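What follows is a single structure, written as structure tokens, with notes after it.
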Amino acid sequence: TDACHNTNLCSQTVTLPWASYTVNLVAGLNLIANQLDQGGNTLNEIMPNVPDGSVVYKYNNVPGTWAVSYYSAADSWNPGTITLNPGEGAFFQSPTNCIVIFIGTPHVPVLPRPIANGAIYLLSRQTNDIGNYTNIVGVAPTNGATVYRWSGSSYNSYSFASGAWAPSEPAAAVGEA
């Protein structure tokens, strides 16, 4: 309040930038990643419209267990509490070829990702860009590191030894775990 008893209010609106990306899925199993934040990142929030009969199998890294959710056009996802946060991955089983569009705010990565020796994790890049070992895990690979990449029907294996990947350096596409 000034000397004339006028009160100045200052308000500022902050608009977060929205981003989106498209993932083309084939009928059958696809490894997917949500790389944006949308609400609490529940399946109902990030994938509200997918083919009837779709199933998501999310791997929970620390206990090493799978969570399963089924989609019905009449009821949505069941259970509806399963989340798919940036950096996580899941298998999406689609009854048909389809396109899934992820919309949300860009995620700020939290790295490094601690991974115990000998543990198997299902991970993705935490931002919507091409992923490699270093920008997914947050540290350079050590000798003996192995990455398994889903080909649509089986896994391709990539091993790191003597400072190089064999047969080549693995990369994850946008939206791929």
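Note that the coordinates shown come from a computational prediction; the quantities given were computed from them, not determined experimentally.
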Inset, instruction - Kindly say whether Ile130 contributes a backbone atom to a donor-acceptor pair with the side chain of Arg125 at under 3.5 angstrom? - result: yes
Inset, instruction - Return the minimal non-hydrogen interatomic distance between Tyr133 and Pro141, and the atom names on each side. - result: CE2-CA, 3.4 Å
Legend entry - Close side-chain approach of Ile46 to Leu84, heavy-atom, < 4.5 Å: yes
Inset, instruction - Identify the two heavy atoms, one from Asn61 and one from Ile120, that lie closest to each other, and give their separation to 0.1 Å. - result: OD1-O, 4.4 Å
Legend entry - Within-4.5 Å side-chain heavy-atom neighbours: Ser54 and Trp77: yes
Legend entry - Validation row: Ser20, Phe102 side chains within 4.5 angstrom (heavy atoms): no
Inset, instruction - Kindly say whether Val110 contributes a backbone atom to a donor-acceptor pair with the side chain of Gln126 at under 3.5 angstrom? - result: yes
Inset, instruction - Group every Ile, Leu, Val, Met, Phe, Trp and Tyr by side-chain heavy-atom contacts under 4.5 Å, then state whether Leu122 and Ile136 land in the same group. - result: no
Inset, instruction - Taking all heavy atoms of Ile82 and all of Ala67, pick out the closest pair and write down the distance. - result: CD1-CB, 3.8 Å
Inset, instruction - Would you mind reporting whether Asn34 and Pro86 have side-chain heavy atoms less than 4.5 Å apart? - result: yes
Legend entry - Shortest non-hydrogen contact between Arg149 and Ala173, atoms and distance: NH2-N, 4.4 Å
Inset, instruction - With the side chain counted from C-beta on, respond yes when Trp18 and Gln38 share a heavy-atom pair under 4.5 Å apart, and no when they do not. - result: yes
Legend entry - Minimum heavy-atom distance Lys58-Gly89, with the two atoms named: CG-O, 4.0 Å
Inset, instruction - Flag the pair Asp129 / Asn135 as yes when at least one side-chain heavy-atom distance between them is below 4.5 Å, and no otherwise. - result: no
Inset, instruction - Before giving the answer on ring-ring contact (aromatic ring centres under 6.0 Å, His included), spell out for Tyr155 and Trp150 the whole-Å C-alpha distance, their side-chain angles and the decisive distance to 0.1 Å. - result: CA-CA 5 Å; Tyr155 289 100; Trp150 182 247; 5.0 Å; yes
Legend entry - Cluster overlap Val26 with Tyr21, hydrophobic side-chain contacts below 4.5 Å: no
Legend entry - Side chains of Ser72 and Asn78 in contact at under 4.5 Å (non-hydrogen atoms): no
Inset, instruction - Find the distance between CG (Asn85) and CG (Leu36) and round it off to the nearest 0.5 Å. - result: 12.0 Å
Legend entry - Joint hydrophobic cluster, Phe92 plus Tyr59, side-chain heavy atoms closer than 4.5 Å: no
Inset, instruction - Find out whether Phe160 and Glu169 are in side-chain contact, i.e. whether some heavy atom of one side chain is under 4.5 Å from a heavy atom of the other. - result: no
Inset, instruction - Mind listing the closest non-hydrogen atom pair of Gly80 and Thr42 along with its distance? - result: O-CB, 3.7 Å
Inset, instruction - May I ask you to check whether Ser76 and Asn44 show a side-chain donor-acceptor distance below 3.5 Å? - result: yes
